[in-house]
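Whatever order the structure lists them in is the order used to number ligands and atoms, beginning at 1. Any value given below was found using the heavy atoms of this structure, including those in side chains, with hydrogens, waters and symmetry copies removed.
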Amino acid sequence: MTKNIIEVKNLTKKYKENIAVDHLSFEVKEGEILGLLGPNGCGKSTTINCLLSLLTINEGEIKIFDKKMTPNAYDIKQKIGVVFQDVALFDELTVIENIDYFCGLYIKEKEKRKKCIEDACKLVGLEDYKKYYPKQLSGGLLRRLNIACGIAHKPSLIFFDEPTVAVDPQSRNHILDGIKRLREEGATIIYTTHYMEEVELLCDRIIIMDQGKIIASGTMDEVKALAHNHEKISVQIMNLEEETKEKLLKKIQKLQGVIAASFENHTLLITAENGTEILETLMDRLKDFNISYQHILMMPPTLNDVFLELTGKELRD
Ligand code: ADP
Ligand code: MG
């Protein structure tokens with residue numbers, strides 16, 4: 001059994017009458033990347049700030065490394081790395097000096113620190129920018145430096161709060177690869193984002209939040225199984241008479257497991273509970289109607305489908 005690194009019970013945080021985090025309970029297991037996914041304002045940053053004891057909580061219990069988390073729990077804090085949503089760096093210091101400063105808060109020995117800084121630079125691909133000042137760096141490189149500063153002391157538990165917002169694709173890849181590497185090296189990671197593709201790429205388990213509450217959690221497959229609209233099928237059919245379209249649609253809509261079917265220009269769109277079974281029947285029907293098609297695509301449900309089904313709104317903002 002993998003042990004829990006974080007245990008949260010009934011965590012509630014209010015800003016005056018606004019409940020930002022509403023009775024949240026969850027665990028984070030050793031060595032996993034847990035994705036905290038949800039739209040802007042759903043409470044991700046507040047949750048992280050509560051876990052770090054940066055905010056006083058209204059209700060609940062937080063345990064990290066099997067100990068109660070408090071503002072003075074320096075033994076716990078020593079083993080934590082945080083990469084905040086907003087970049088915080090010293091403009092007067094170079095890349096290396098910035099990392100050295102933050103790393104120096106944890107590691108006193110100069111030689112040991114040098115190695116840590118070297119590793120951190122490598123992890124996010126900043127080797128060629130060591131002598132640069134923040135002002136000389138692009139937004140993506142600043143983000144990478146912000147990460148290097150947060151993880152250089154080799155913490156065993158790391159919080160990343162939306163580290164890829166407004167970042168160019170190259171920096172984004174560096175960041176995601178770096179985070180995967182940190183997990184390979186044994187770190188436990190909490191990753192917040194409102195980009196579901198990142199969660200799919202990176203996370204072992206996810207928690208989907210909306211309005212301060214957990215609305216779904218589990219592995220990617222477990223969460224996706226919550227979407228009843230399981231699969232989407234699209235078939236491109238050219239030169240089809242309106243009359244035939246209607247007849248075909250009627251047949252398809254009657255098939256068991258089909259939730260919706262419609263035509264959008266030359267594309268037949270079907271949402272179904274069991275795509276694979278429907279696909280076979282669909283091909284037979286097309287044959288019956290003597291219809292030839294250009295191509296067929298079957299798409300598994302996305303996290304957005306799950307979110308849409310559970311909340312009635314799109315995850316994208
Ligand atoms: P997320 O990180 O998911 O975008 P936040 O945790 O920042 O969400 O915000 C959750 C809710 O709490 C939002 O309604 C936000 O407006 C509110 N909130 C966040 N920080 C503060 C604050 N310092 N004072 C008052 N309300 C806040
Ligand atoms: Mg936030």
Legend entry - Where the Mg ion (ligand 2) is the vertex, angle from S45 OG to Q85 OE1 to 10°: 80°

Legend entry - Closest contact, heavy atoms only, Y293 versus M283: OH-SD, 3.4 Å

Inset, instruction - Using heavy-atom distances, let me know which of I48, T46, N49 sits nearest atom 9 (O) of ligand 1. - result: T46

Legend entry - Cationic N near anionic O, under 4.0 Å, K251 to D288: no

Nearest protein heavy atom to [atom], by residue and atom, and its distance?
atom: atom 23 (N) of ligand 1; answer: Y15 CE2, 3.7 Å
atom: atom 10 (C) of ligand 1; answer: G41 O, 3.3 Å
atom: atom 8 (O) of ligand 1; answer: G43 N, 3.2 Å
atom: atom 7 (O) of ligand 1; answer: S45 CB, 3.9 Å

Legend entry - Under 3.5 Å side-chain donor-acceptor pair for T12 and N58: no

Legend entry - Atoms of ligand 1, numbered as shown, that sit under 4.0 Å from any heavy atom of N40: 4 (O)

Legend entry - Numbered atoms and elements of ligand 1 in range of N18, under 4.0 angstrom, heavy atoms: 12 (O), 14 (O), 17 (C)

Inset, instruction - Kindly indicate whether the side chain of Y132, heavy atoms from C-beta on, has any atom under 4.5 Å from the side chain of L126. - result: no

Inset, instruction - Would you check if I215 and F307 make a side-chain contact, meaning some heavy-atom pair closer than 4.5 Å? - result: yes

Legend entry - ligand 1 versus T47: contacting region, heavy-atom distance under 4.0 Å: neither

Inset, instruction - Compute the shortest N/O to N/O distance between A20 and ligand 1 and return yes if it is under 3.5 Å, no if not. - result: no

Inset, instruction - Before signing off on this row, confirm whether K44 and ligand 1 have an N or O atom pair separated by under 3.5 Å. - result: yes

Legend entry - Within 45° cone and under 6.0 Å: K247 NZ/CZ vs F289 ring: no

Inset, instruction - Would you check whether G38 reaches within less than 4.0 Å of ligand 1, judged by its heavy atoms? - result: no

Inset, instruction - Please check if atom CD in E127 has more than 12 non-hydrogen atoms from other residues, nucleotides or ligands closer than 6.0 Å. - result: yes

Inset, instruction - Check the surroundings of atom NZ in K245: do more than 12 heavy atoms from other residues, nucleotides or ligands lie under 6.0 Å from it? - result: yes

